[in-house]
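Structure first, commentary second.
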Amino acid sequence: MSAVKRLPGFQDILPEDRIYWDYIMGKATDLAQRFGFLRVDIPIIESINLFARGNGEASDFFVNKEMYAIEESDGSYIALRPEFTAGMVRAYINNGMSSRPQPVKLYTFGPAFRRERQQAGRFRQHNQFDCEILGETDPAADLEIMMLAMSLYREMGYSELAFQLNSTGCKSCKPVYVEALTTYLADHLDKLAPIDQQRLKLNPLRILDSKEKGMDALLADAPHIIDHLCDDCASHLSDLRAMLEKLGANYEINFRLVRGIDYYTKTVFEVWDKRIGAQAALCGGGRYDGLAEAIGGKSTPGVGFGLGLERAVLGLKAEGIEPPSPPEPTLFVAHFGGDTKIAAVDITYKLRAAGFGTRLAFARDKRSMKSQMREANKYPISHAIIVGEGELAEGNVTIRPMLEGGGDQFQHRADQVVDYIQQATG
RNA sequence: GCGGGUAUGGCGAAACGGUUAUCGCGCUUGGUUGUGGCCCAGGAGUUCUGGGUUCGAUUCCCAGUACUCGCCCCA
């Protein structure tokens with residue numbers, strides 16, 4: 001019988017990789033706190049209705065959107081969250097956060113799920129760092145969200161990245177634009193690939209980021225939303241741009257940047273790193289002023305982003321950045337079994353209690369000193385403490401410096417080992 | 001769901017249409033009686049599965065499966 005295997009699209013994070021995650025999450029936490037964000041945690045599973053907002057049959061929706069859904073005994077559906085924003089807004093509403101000082105700035109970490117085929121930097125379970133500002137319409141909030149993301153990349157040591165920025169309008173100007181775009185594309189129907197002809201009916205905006213050939217030329221002459229924004233949306237964007245420019249942030253207006261989720265209004269942005277494969281978006285986000293109402297809450301503006309941690313790790317590696325290694329024990333306790341093992345255990349736990357990382361040689365039966373020393377040599381051990389019968393009889397242990405230039409081994413009082421180590425390493 | 005690529009021991013590789021399929025790394029044990037890093041020796045692997053071609057396949061062909069990259073979807 002072959003061993004049970006990990007499910008496709010899921011991954012194990014091994015110690016060698018985990019240091020990258022700790023590095024990123026540490027920086028992210030630090031920055032979020034510096035920006036005044038508060039940590040929350042929300043459930044991984046939510047009602048399907050949180051994600052399928054009035055798009056007809058819920059079952060069609062989660063199949064089409066490649067969502068992990070589970071049918072309950074009463075016929076309703078729950079879903080593994082595909083993203084954080086909707087859940088964060090739900091938490092804001094459910095917990096009456098509108099009565100807190102506004103805006104409310106929240107961050108979280110955790111997994112999200114999409115039932116899709118694996119590719120480079122794309123998994124069925126992926127992890128995000130997510131930040132949201134709720135209850136604020138000021139474009140400075142959009143800026144804060146963008147700068148938090150960019151500051152994180154900067155602090156992680158990335159060479160300069162640029163924002164892809166666009167506005168997706170609001171409920172008054174977006175439909176007008178969609179109609180203008182649809183009319184234009186319908187006039188050039190013969191130049192559209194089958195997939196894009198399909199999209200023209202379902203979601204014309206997504207044709208803008210079509211990967212079909214020949215779209216660059218066709219779309220260059222298409223209407224651009226930036227020319228169709230209402231006064232409010234236009235001034236929101238220009239205010240944001242003025243602030244970005246004042247801060248010297250790299251960004252480019254990308255009229256083809258659309259995000260697949262319907263709730264975005266005004267600002268949308270992404271940060272790309274093309275070195276990590278076709279799935280180049282390191283993070284993305286935007287404003288969603290209509291979302292709270294759409295899920296049944298009081299109208300509340302919001303803006304936020306989700307940052308993919310797997311992709312951040314890929315990017316760090318592409319950048320050649322090596323995170324610091326975690327501390328490892330520098331003490332090793334060896335013995336010869338029997339009473340010496342009992343004494344070795346005692347010393348080991350005294351050292352650990354005193355705060356020293358200590359590794360104890362395990363040996364069910366007899367084990368040669370050579371084997372134990374070889375084990376010690378695999379780790380960054382500074383001192384091996386050898387508990388032998390001779391020494392034990394006199395109340396001593398042997399302390400053997402393991403590093404180059406550490407001097408010769410010597411005997412020392414067993415009950416003063418902690419003191420010696422304290423002095424030697426202090 | 002669709003398409004491309006790849007499938008040899010824990011990892012990285014090599015080999016050949018034909019006797020017990022190599023090598024490095026790693027792991028592990030040992031090299032006399034209680035001691036590391038070098039060196040030496042030993043230990044652990046049904047060449048993904050099932051068909052086909054062939055006297056004979058790990059090596060050729062097909063299917064399946066897995067992994068991987070890309071599309072769809074979207075982060």
Side-chain angles (χ1 to χ4, degrees), chain A residues 2-3 5-11 14 16 51 61-67 81-85 111-130 149 193-196 198-199 202-203 206 209-213 257-262 264 268-273 276-286 304-312 332 334-338 340 361 363 365-392 397-404 406 408-409:
Chain A
S2 56
K5 298 189 69 177
R6 172 164 42 83
L7 260 22
F10 293 82
Q11 45 170 14
L14 302 180
E16 298 72 37
F51 308 113
F61 182 80
F62 67 69
V63 169
N64 182 38
K65 294 293 183 182
E66 303 181 330
M67 205 175 296
R81 62 183 178 205
E83 53 114 7
F84 281 79
T85 302
F113 302 84
R114 288 261 158 90
R115 185 182 218 108
E116 62 195 349
R117 202 64 144 238
Q118 180 173 333
Q119 307 174 42
R122 153 165 296 206
F123 306 95
R124 290 188 162 189
Q125 174 178 338
H126 68 282
N127 290 275
Q128 286 189 18
F129 168 48
D130 183 84
I195 178 69
D196 287 326
Q198 204 67 31
R199 284 198 268 233
L202 299 172
N203 192 354
R206 287 203 57 79
D209 71 350
S210 169
K211 285 161 183 147
E212 298 298 324
K213 284 178 192 142
L257 178 68
V258 289
R259 312 208 79 227
I261 297 177
D262 52 11
Y264 283 110
V268 290
F269 72 92
E270 292 186 350
V271 176
W272 293 349
D273 185 345
I276 64 176
Q279 308 304 321
L282 285 175
C283 81
F305 74 88
L307 183 150
L309 297 177
E310 283 80 1
R311 293 183 189 179
F332 186 86
H335 57 85
F336 295 94
T340 63
D365 297 310
K366 62 180 174 186
R367 184 170 167 205
S368 73
M369 187 48 52
K370 179 190 287 281
S371 166
Q372 294 184 62
M373 295 307 286
R374 274 182 178 158
E375 181 186 344
N377 192 241
K378 285 170 191 153
Y379 304 103
I381 301 295
S382 65
H383 298 270
I385 293 142
I386 300 164
V387 185
E389 276 141 11
E391 296 95 313
L392 188 59
V397 297
T398 293
I399 295 178
R400 178 178 176 83
M402 297 294 284
L403 301 179
E404 206 137 339
D408 295 330
Q409 69 182 41

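So that the names make sense, note that chain A is the first sequence line, chain B the second, and so on, each numbered from 1.
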So [X], base contact, sugar-phosphate only, or nothing? Heavy-atom distance under 4.0 Å.
X: A:Gln118; result: base
X: A:Arg199; result: sugar-phosphate
X: A:Phe123; result: base
X: A:Glu66; result: base
X: A:Pro82; result: nothing

Any Lys/Arg nitrogen of A:Glu375 or A:Arg367 sitting under 4.0 Å from an Asp/Glu carboxylate oxygen of the other? yes
Could you measure between the two [atom1] atoms, the one in [N] and the one in [M], and give it in whole Å?
N: B:U58; M: B:A41; atom1: P; value: 31 Å
N: B:G42; M: B:U49; atom1: P; value: 29 Å
N: B:C27; M: B:U22; atom1: P; value: 23 Å
N: B:A63; M: B:C2; atom1: P; value: 15 Å
N: B:G4; M: B:A75; atom1: C1'; value: 24 Å
N: B:G31; M: B:G51; atom1: P; value: 49 Å
N: B:G37; M: B:C25; atom1: P; value: 15 Å
N: B:C11; M: B:G70; atom1: C1'; value: 27 Å

Rounding to an integer number of Å, can you tell me how far [X] [atom1] sits from [N] [atom2]?
X: A:Lys213; N: B:G70; atom1: NZ; atom2: P; result: 17 Å
X: A:Arg206; N: B:C72; atom1: CZ; atom2: C1'; result: 10 Å
X: A:Arg124; N: B:C67; atom1: CZ; atom2: P; result: 10 Å
X: A:Glu16; N: B:G12; atom1: CD; atom2: C1'; result: 15 Å
X: A:Asn203; N: B:C73; atom1: CG; atom2: P; result: 9 Å
X: A:Trp272; N: B:C74; atom1: CH2; atom2: C1'; result: 14 Å
X: A:Tyr379; N: B:C27; atom1: OH; atom2: P; result: 9 Å
X: A:Arg114; N: B:A75; atom1: CZ; atom2: P; result: 6 Å

May I ask which nucleotide in the shown strands pairs with B:U32, Watson-Crick or G-U wobble, both distances under 3.5 Å? none
For B:C67, the Watson-Crick or wobble partner whose two distances fall under 3.5 Å: B:G5
What one-letter contact string describes nucleotides 30-37 of chain B from 5' to 3', where B marks a base within less than 4.0 Å of any protein heavy atom, S marks contact via sugar-phosphate atoms alone, and - marks no contact? BB--BBBB
Do side-chain atoms of A:Thr340 reach the backbone of A:Phe336 as a donor and acceptor pair under 3.5 angstrom? yes
Hey, is the main chain of A:Ala384 close enough, under 3.5 Å, to the side chain of A:Arg400 for a donor-acceptor pair? no
Rounded to the nearest 0.5 angstrom, the CD-CZ distance for A:Gln279 and A:Arg122 is 4.0 Å
If you compare all heavy atoms of A:Asp196 against all heavy atoms of A:Ser210, which two are closest, and at what distance to 0.1 Å? OD2-OG, 2.7 Å
Side-chain heavy atoms of A:Met373 within contact of A:Ser368, under 4.5 Å: no
Which residue, A:Arg6 or A:Gly121, contacts RNA chain B at a nucleotide closer to its 5' end, judged by nearest heavy atom? A:Arg6
For a side chain to side chain contact (heavy atoms under 4.5 Å, CB included) check, start with the C-alpha distance between A:Ile386 and A:Met369, then their side-chain angles and the critical distance, and finish with the verdict. CA-CA 9 Å; A:Ile386 300 164; A:Met369 187 48 52; 4.1 Å; yes
Does [X] make a side-chain N or O approach to OP1 or OP2 of [N] shorter than 4.0 Å?
X: A:Lys378; N: B:U28; result: yes
X: A:Gln279; N: B:C71; result: yes
X: A:Gln128; N: B:A75; result: no

Under the 3.5 Å rule, do the base of [N] and the side chain of [X] count as making a donor-acceptor pair?
X: A:Glu116; N: B:A75; answer: yes
X: A:Arg122; N: B:C73; answer: yes
X: A:Arg117; N: B:C71; answer: no

Can you list the steps and then say if A:Phe62 with A:Phe51 is a side chain to side chain contact (heavy atoms under 4.5 Å, CB included)? CA-CA 9 Å; A:Phe62 67 69; A:Phe51 308 113; over 6 Å; no
Is it the case that A:Thr398 and A:Gln409 place a side-chain donor and acceptor less than 3.5 Å from each other? no
